[in-house]
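Written out below as structure tokens is the structure these notes cover.
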Amino acid sequence: MLLKRLEMNGFKSFADKVAIDFVPGMTAVVGPNGSGKSNITEAIRWVLGEQSAKSLRGGRMGDVIFAGSDTRKPINFAEVSLVLENNDRFLPVDYSEVVVTRRIYRNGDSEFLINKQTCRLKDIVDLFMDSGLGRESMSIISQGKIDEILNSKPEERRSIFEEAAGVLKYKNRKKQAENKLFETEENLNRVQDILYELEGQLEPLEMQASIAKDYLYQQEELEKYEVGLLAFEMESIAANLEKSRANFMENQSILIELRQKITKLENDLFGRKENVTEVDADLEVLRSDLLLETERLEQLEGERNLVLERKKTR
Ligand code: ATP
């Protein structure tokens, strides 16, 4: 892993975008007092996730934004990007170049990015955790810190050396592991409590389980019977249907036969009606004949009576 480039825009004295390329062989940045050398190291600490405004020589985090000068107005945001070469995958990400970026706005909003993807502060802290570059590591020692080291008591100095030697990392890990162990023990206790509580519920649960099993068995049996009943009903319906179909066919042929008979009878009826008409006509003739004969008979009787009368009177 190599430090390749630092870009600052609006950070402290760097009002304009400034980029520093850490080319091979570069070992120091020199400049007159107040020219902004410490601001460079602070920019690195800040982009790596520094949360203390005080350690960046400010009252609050917004103080890192360029506050204006005699010739320039203040600006509204600060941005720092740190570019690291990661060909050896020293940092645990699958990129050969890692760019971490931090932005802050005057309204208090802030953003963290890893390779232009928004992320959380925690992601950046995690990324550098074991790299020796983290915000708590001794890879960046400010002027004040050197004084602190020189003037500190031996036991305090020990912790500083431990930190620098990377022992602190393991101490922290040990502490974390101990905390985790404690948490696990707590969890274990809780699990045991739960276990105890569950043991009490075991008997009623077993009873409920056997009732549930029995219910399932009965349900299965019921289903079997229902299926059997349905099959039986279906069979008898099919048989009835077959019977009805046969009846229908039989009735159909009877119907055809009856229709034929009706047609025949209708034809007979028609012939008979014609006969009746003929007979009616004959009858009419006979009636008029009868009438004529009756009239003649009456006439003859009248004549006979007349003859008989004449005979009497003679
Ligand atoms: P020294 O060697 O004295 O420590 P230095 O080169 O490290 O100096 P820095 O302390 O990094 O310089 O820079 C200090 C300069 O940055 C000052 O001129 C200060 O006014 C300017 N500065 C710090 N914060 C801001 C800010 N928020 N806005 C504008 N300028 C700022």
Side-chain angles (χ1 to χ4, degrees), residues 1-12 14 17-30 36-53 55-56 61 64 78-104 110-146 148-149 157-181:
M1 182 186 69
L2 280 175
L3 181 59
K4 272 176 85 177
R5 190 175 162 88
L6 177 72
E7 292 169 1
M8 296 167 288
N9 189 4
F11 186 85
K12 290 213 166 186
F14 303 102
K17 192 168 179 177
V18 173
I20 301 170
D21 286 303
F22 295 95
V23 290
M26 180 170 172
T27 50
V29 176
V30 289
K37 303 181 297 292
S38 300
N39 290 346
I40 295 172
T41 55
E42 279 163 9
I44 296 174
R45 285 227 316 276
W46 186 68
V47 77
L48 293 176
E50 178 61 69
Q51 286 299 92
S52 154
S55 75
L56 299 168
M61 205 42 100
V64 301
E79 177 180 311
V80 174
S81 290
L82 189 70
V83 185
L84 297 150
E85 185 252 80
N86 190 40
N87 283 336
D88 56 1
R89 299 291 185 271
F90 185 76
L91 296 175
V93 278
D94 203 17
Y95 295 109
S96 26
E97 187 175 271
V98 178
V99 184
V100 285
T101 304
R102 183 172 181 178
R103 274 189 210 128
I104 185 166
S110 68
E111 269 179 291
F112 291 92
L113 299 101
I114 296 176
N115 285 15
K116 297 193 177 155
Q117 302 282 315
T118 311
C119 64
R120 300 162 301 170
L121 166 64
K122 186 179 177 302
D123 297 321
I124 294 198
V125 171
D126 288 351
L127 180 66
F128 292 103
M129 178 109 78
D130 292 333
S131 67
L133 247 190
R135 61 182 172 188
E136 300 296 338
S137 77
M138 298 301 287
S139 52
I140 301 167
I141 302 176
S142 61
Q143 288 171 36
K145 193 83 179 176
I146 292 171
E148 202 184 296
I149 294 168
R157 212 174 291 160
R158 180 196 158 106
S159 80
I160 293 166
F161 286 133
E162 272 179 359
E163 202 174 327
V167 176
L168 200 72
K169 184 169 82 184
Y170 297 104
K171 274 194 165 179
N172 282 342
R173 278 195 196 156
K174 187 184 162 197
K175 204 168 170 197
Q176 275 173 12
E178 276 171 356
N179 284 344
K180 270 196 185 155
L181 206 70

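Since the structure is predicted, the reported quantities are computational estimates derived from the model, not experimental observations.
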Output for pair (R89 CZ, D94 CG), nearest 0.5 Å, gives 5.0 Å

Heavy-atom nearest pair, M8 first then V80, reads CG-CG2, 4.1 Å

The residue among V98, L3, V99 that forms side chain to side chain contact (heavy atoms under 4.5 Å, CB included) with L82 is L3

Shortest non-hydrogen pair, K17 vs N9, comes out as N-OD1, 3.6 Å

Here the pair of heavy atoms bringing E79 nearest to T101 is CG-CG2, 3.8 Å

>> Test side chain to side chain contact (heavy atoms under 4.5 Å, CB included) on I20 and M26; report intermediate values, then the result.
In response: CA-CA 11 Å; I20 301 170; M26 180 170 172; 3.9 Å; yes

Nearest heavy-atom contact between L113 and I124 is O-CD1, 4.2 Å

Separation between CG (L181) and NZ (K174), nearest 0.5 Å, reads 11.5 Å

Problem - Student check: side-chain heavy atoms of S81 and L6 closer than 4.5 Å - result: no

Item checked: Close side-chain approach of F128 and V100, heavy atoms under 4.5 Å -> yes

Worksheet item: Between F14 and I40, is a side chain to side chain contact (heavy atoms under 4.5 Å, CB included) present by the stated rule, with each step listed?
Response: CA-CA 9 Å; F14 303 102; I40 295 172; 3.8 Å; yes

Taking C-beta and beyond as the side chain, do N39 and E42 meet within less than 4.5 Å on heavy atoms? yes

Note: R45 and S55 closest approach over all heavy atoms is NH2-O, 2.7 Å

Side chains of W46 and L56, heavy atoms from C-beta outward: is any pair under 4.5 Å?
yes

Residues Y95 and N86: closest non-hydrogen pair is O-ND2, 3.0 Å

Given side chains that start at C-beta, do those of V83 and F22 come closer than 4.5 Å, heavy atoms only?
no

Sorted by chain and number, sequence neighbours left out, side-chain hydrogen bond (donor to acceptor under 3.5 Å, both in side chains) with N87 holds for none

Output for pair (S96 OG, D88 CG), nearest 0.5 Å, gives 10.5 Å

